[in-house]
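Some notes on the structure that comes next.
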Amino acid sequence: MTNKITKESVLAALSKVQEPELHNDLVTLNMIRDLEIEGAKVKFTVMLTTPACPLRGQIEKESRQAVMSVAGVDAVEIKMSSDVPNDGRMRGLVNTTIKNAIAVGSGKGGVGKSTVSVNIAVALAQSGARVGLMDADIYGPNIPTMMGIEKLPPPTQAKIVPAKAYDVEVISMGLLVKPGQPLIWRGPMLNSAIRQFLSDVEWGELDYLIVDLPPGTGDAALSLAQALPLSGAVVVTLPQLVSLEDATRGLNMFKQLEVPILGVVENMSYLDLPDGSRMDLFGSGGGMQLAMGTQAPFLGQIPIDQNVRIGGDSGKPIVVSYPDSPVAKSLREIAERLAAQISVAALSGSNELPINIVE
Ligand code: ADP
């Protein structure tokens with residue numbers, strides 16, 4: 001005699017499957033949708049919180065195993081989909097179509113902040129997310145060069161239209177002024193410029209808006225970080241311990257503004273040599289130490305590779321030009337971990353800071 005499969009028995013099985021990042025089961029998290037039973041076959045959709053979910057494969061496998069163990073089931077058809085949650089910070093803005101704005105900052109310049117912003121944005125877009133990239137680094141707006149963009153498309157209905165490259169919607173302070181003109185921005189001007197970037201730009205629906213902030217913790221970085229309803233921030237640092245002080249100042253700035261720290265990224269961590277050995281050109285351990293000291297998630301290390309610079313100079317980010325290289329792989333993993341942290345922060349619904357800053 002065959003048992004009749006019920007939705008309750010399937011959901012009971014799926015309630016044993018955990019979403020490891022969100023620390024709860026798929027049923028409680030309302031991730032199981034469109035459950036159908038056709039004879040001995042069970043069909044459903046798993047609605048992830050990001051298309052860049054690092055544990056996608058594991059969640060699918062465990063869901064399949066759980067449902068296959070229900071008596072009477074002989075086939076399981078799973079559709080993996082995603083709906084990026086919104087932490088509500090952007091809701092303060094009228095008519096916004098942006099779900100999450102994430103700032104990328106650094107304690108000082110030249111650590112790879114723009115490189116990380118660009119490659120994270122492209123990697124998230126490659127995973128299927130809807131992504132925007134706002135170049136707010138008024139000191140060196142080099143995102144257009146890194147993304148191979150020369151100018152913005154003509155505006156429509158009094159709205160600025162972003163340029164599109166590698167499926168990312170891009171806007172840059174550098175595209176709004178004539179090339180070679182010095183950019184002199186002061187507090188109030190910065191504030192209105194950034195508000196314009198949010199309200200007067202035809203962004204369309206975005207899951208993630210990555211914002212490349214000016215380096216450091218000076219007036220420009222502070223006013224911009226203040227003007228934006230940020231869901232969280234990522235801080236890029238180098239491995240040497242002397243960078244820790246700068247990076248800690250960067251983290252403290254976000255703490256003062258009550259912006260949650262989504263993670264620390266360590267760039268230029270090591271150089272892989274042709275003989276297979278690894279060289280720590282700039283020391284080691286800075287990023288991890290910063291993350292541990294501040295209880296912020298460590299999102300990962302990025303090795304040194306001259307193709308990163310070549311890609312940046314030629315407008316082809318490394319996740320596009322050398323997608324199989326170790327450095328592209330580490331950038332993709334960082335983007336996935338970041339996406340997971342954004343989901344955790346959005347779903348926890350808490351505006352409490354998840355970190356303690358070491359002064
Ligand atoms: P920032 O935005 O912090 O000023 P950039 O992203 O502009 O820094 O990077 C500074 C320079 O270092 C650029 O020429 C960039 O191509 C290069 N660079 C960044 N990260 C790496 C890396 N992992 N390997 C090699 N070159 C890198």
Side-chain angles (χ1 to χ4, degrees), residues 102-123 133-149 165-166 168 170 172-174 183 210-218 220-221 224-225 233-240 242-251 253-254 263-274 278-284 286-287 290 299-335 338:
I102 300 101
V104 182
S106 64
K108 59 173 182 178
V111 302
K113 174 181 54 57
S114 303
T115 303
V116 169
S117 304
V118 160
N119 282 285
I120 282 180
V122 176
L133 177 58
M134 184 197 286
D135 180 7
D137 185 349
I138 51 167
Y139 298 127
N142 48 14
I143 291 222
T145 308
M146 291 182 165
M147 293 289 276
I149 297 167
Y166 311 109
V168 175
V170 186
S172 167
M173 296 262 186
L183 289 166
I210 306 293
V211 183
D212 186 22
L213 284 186
T217 51
L224 286 166
V234 175
V235 172
V236 181
T237 187
L238 297 180
Q240 62 260 51
V242 291
S243 291
L244 273 183
E245 216 172 293
D246 296 311
T248 305
R249 263 199 298 276
L251 283 174
M253 176 181 80
F254 292 117
V264 171
V265 173
E266 185 185 279
N267 188 25
M268 310 200 206
S269 300
Y270 51 84
L271 182 65
D272 278 329
L273 297 171
R278 186 165 276 192
M279 195 172 165
D280 293 330
L281 272 187
F282 297 126
S284 70
L290 180 70
L299 297 178
Q301 293 185 309
I302 305 165
I304 299 167
D305 179 340
Q306 65 164 348
N307 287 324
V308 172
R309 183 188 50 73
I310 295 169
D313 289 346
S314 64
K316 209 165 179 199
I318 187 123
V319 293
V320 175
S321 55
Y322 293 94
D324 299 325
S325 60
V327 67
K329 191 166 165 271
S330 64
L331 281 158
R332 269 198 307 275
E333 283 170 4
I334 287 167
L338 172 63

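Source: prediction; values computed, not measured. In each ligand, atom 1 is the first atom listed, and ligand 1 is the first ligand listed.
- Listed here is the closest heavy atom pair of Val319 and Val122: CG2-CG1, 3.6 Å.
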Just the distances, no angles: every ligand 1 N or O to protein N or O pair closer than 3.5 Å, one line each.
residue: ligand 1; atom: 2 (O); partner: Lys113; partner atom: N; Å: 3.4
residue: ligand 1; atom: 2 (O); partner: Ser114; partner atom: N; Å: 2.8
residue: ligand 1; atom: 2 (O); partner: Ser114; partner atom: OG; Å: 2.9
residue: ligand 1; atom: 3 (O); partner: Gly110; partner atom: N; Å: 3.3
residue: ligand 1; atom: 3 (O); partner: Val111; partner atom: N; Å: 3.1
residue: ligand 1; atom: 3 (O); partner: Gly112; partner atom: N; Å: 2.9
residue: ligand 1; atom: 3 (O); partner: Lys113; partner atom: N; Å: 2.8
residue: ligand 1; atom: 4 (O); partner: Gly110; partner atom: N; Å: 2.9
residue: ligand 1; atom: 6 (O); partner: Ser114; partner atom: N; Å: 3.3
residue: ligand 1; atom: 6 (O); partner: Thr115; partner atom: N; Å: 2.8
residue: ligand 1; atom: 6 (O); partner: Thr115; partner atom: OG1; Å: 2.5
residue: ligand 1; atom: 8 (O); partner: Gly112; partner atom: N; Å: 3.0
residue: ligand 1; atom: 20 (N); partner: Asn267; partner atom: ND2; Å: 2.9
residue: ligand 1; atom: 23 (N); partner: Asn267; partner atom: OD1; Å: 3.0
residue: ligand 1; atom: 23 (N); partner: Pro303; partner atom: O; Å: 2.9
residue: ligand 1; atom: 24 (N); partner: Asp305; partner atom: N; Å: 3.1
residue: ligand 1; atom: 24 (N); partner: Asp305; partner atom: O; Å: 3.4

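- In summary, the side chains of Ser330 and Glu333 do not present any donor paired with an acceptor at a separation below 3.5 Å, with no hydrogens or angles considered.
- Counting only distance, with no hydrogens or angles, the side chain of Asn267 and the backbone of Val236 share no donor-acceptor pair below 3.5 Å.
- In this view, Asp313 and Arg309 satisfy the salt bridge (charged side-chain N to carboxylate O under 4.0 Å, His left out) rule, not counting sequence neighbours.
- Using a 4.0 Å cut-off between charged side-chain N and carboxylate O, Lys113 and Asp137 make a salt bridge.
- Between Leu273 and Arg278, the closest side-chain pair of non-hydrogen atoms is not below 4.5 Å.
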